[in-house]
Amino acid sequence: ARIILGVLGGYLILFGVIATGWSACAAFAQSRYAAIILKPHDTRTELRLAGQSFRFYSRNYSLCIRAAATASKAAGLAQDAEVASRLYSDAEYWVTRGLDLNPWVIELNYLKARLLARRDSPDEAVKVWQDYSNWNFWNPRNLEILAKFQEEAEQYDEAMQTLEWLKPWPQYNATRERIRMELDETPAKTETQPGSPITPAEPAAGRL
């Protein structure tokens, strides 16, 4: 009986030590995350704090959203091409980490699509957002964004079809007319500017 009680006591002590260690890690991670949210920091400092927090507690996908948006926004404002490229890579890293934790977060799916469009992969951007929109189809904002991604990818027929779901949308007629005109001009545009790059706007919310 003493042996059993001794073993049980040892397990309880070990469990207590592990639990205390996890609590300490979580508390440190939370302090780093709070530092990001509550105080203004330059981009490098914020991303460093995000990395520290994530190493100690890798379940906070809200942290991934914040870090990805910060890196993406800073990349769009960067004057140096090398700095911008590094920041975009940071944004892709955080997007991937966040989607690994929760693949249905709207902000991370949007950022992933925008980053793909920036890398001259507009068709892949459409696919990412199409997959998300199929999951959350009845939100008209998602369909509006899908139509814009399709337009940027020069998928004008698909964009027109998507817009048919948005007839009550206030901008429906103006958007439909603009896409229809682009569709009519597609042969001339393709002939005079083969392979012209897509340059979408930066994510509004702002390592894959």
Side-chain angles (χ1 to χ4, degrees), residues 14-133 135-136 141-142 145 148-149 152 197-208:
L14 179 61
F15 180 78
V17 170
I18 293 174
T20 301
W22 277 110
S23 298
C25 289
F28 179 81
Q30 185 61 29
S31 71
R32 299 297 86 186
Y33 183 52
I36 294 171
I37 298 298
L38 299 177
K39 299 178 182 178
H41 297 286
D42 62 86
T43 300
R44 289 284 75 174
T45 299
E46 183 166 323
L47 294 178
R48 177 177 56 79
L49 290 171
Q52 291 176 354
S53 178
F54 198 74
R55 280 194 297 273
F56 279 88
Y57 183 70
S58 58
R59 291 294 178 185
N60 188 354
Y61 62 82
S62 294
L63 171 68
C64 299
I65 297 171
R66 174 66 182 245
T70 294
S72 180
K73 182 178 180 180
L77 297 174
Q79 301 297 315
D80 184 274
E82 184 176 342
V83 172
S85 178
R86 184 170 65 249
L87 286 167
Y88 277 125
S89 294
D90 287 339
E92 292 172 349
Y93 169 85
W94 285 108
V95 165
T96 298
R97 298 290 77 75
L99 290 174
D100 286 344
L101 294 172
N102 187 339
W104 307 117
V105 177
I106 184 171
E107 296 92 340
L108 292 172
N109 279 279
Y110 179 80
L111 279 170
K112 180 176 181 178
R114 271 289 170 221
L115 290 167
L116 284 168
R118 188 199 70 83
R119 287 185 177 277
D120 294 330
S121 302
D123 292 332
E124 293 182 43
V126 169
K127 184 180 184 307
V128 167
W129 196 253
Q130 178 80 70
D131 289 344
Y132 179 80
S133 298
W135 176 74
N136 192 8
R141 176 60 176 161
N142 294 340
I145 294 172
K148 289 180 178 179
F149 276 127
E152 290 171 358
I198 304 294
T199 54
E202 291 303 316
R207 291 177 152 184
L208 242 256

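Counting begins at 1 with the first residue of the sequence.
Taking CD of Glu92 as the reference point, atom CZ of Arg119 lies at 3.5 Å (rounded to 0.5 Å). Taken to the nearest 0.5 Å, the CD atom of Glu107 stands 10.5 Å off from the CG atom of Leu99. Between atom CD of residue Gln52 and atom CG of residue Leu47 there is a gap of 11.5 Å, rounded to the nearest 0.5 Å. To the nearest 0.5 Å, atoms CD (Glu124) and CG (Leu116) are separated by 5.5 Å.
Looking at heavy atoms from C-beta onward, Tyr132 lies in side-chain contact with Asn136 at the 4.5 angstrom threshold. Within the 4.5 Å cutoff, no side-chain heavy atoms of Ile106 are placed close to those of Asn109. Residues Ser72 and Leu87 fail the side-chain proximity criterion, which asks for heavy atoms closer than 4.5 Å. For the pair Arg66/Glu46, a side-chain contact is recorded, criterion being any heavy-atom separation below 4.5 Å from C-beta on. No side-chain heavy atom of Arg97 sits under 4.5 Å from any side-chain heavy atom of Leu101.
The six-membered or imidazole ring of Trp94 lies near that of Phe54, with a centre-to-centre distance under 6.0 Å.
When the side chain to side chain contact (heavy atoms under 4.5 Å, CB included) test is applied to Arg141, the partners found at least two apart in sequence or on another chain are Asn139, Glu144, Ile145, Lys148. Every residue two or more places apart in sequence or in another chain was checked for a salt bridge (Lys or Arg N to Asp or Glu O under 4.0 Å) with Arg55, and none qualifies.
Put simply, the side chain of Ser53 never gets that close to the backbone of Leu49: no donor and acceptor are under 3.5 Å apart. Proximity of a side-chain donor or acceptor of Trp129 to a complementary backbone N or O of Asn142 within less than 3.5 Å is detected. Side chain of Ser85 to backbone of Ala81: no donor-acceptor contact under 3.5 angstrom is found.
Shown here for Leu111 and Ala68, the closest heavy-atom pair between the two residues is CD1-CB, 3.9 Å. When all heavy atoms of Ala113 and Ala125 are compared, the closest pair comes out as O-CB, 3.1 Å. Of all heavy-atom pairs spanning Ala50 and Ala67, the tightest one is CB-CB, 4.0 Å. Contact between Ala71 and Ala91 at its shortest, heavy atoms only, is CB-N, 3.6 Å. Nearest heavy atoms, Leu108 versus Val95: O-CG1, 3.8 Å. Of all heavy-atom pairs spanning Asp42 and Thr45, the tightest one is OD2-OG1, 2.8 Å.
Of the charged side-chain nitrogens involved, at least one lies within less than 4.0 Å of a carboxylate oxygen, so that Glu152 and Arg114 count as a salt-bridged pair. For the pair Lys127 and Asp131, the salt-bridge criterion is met [side-chain N within less than 4.0 Å of a carboxylate O].
In this pair, Tyr110 and Phe149 present their aromatic rings tilted. The plane angle is within the 30 to 60° band.
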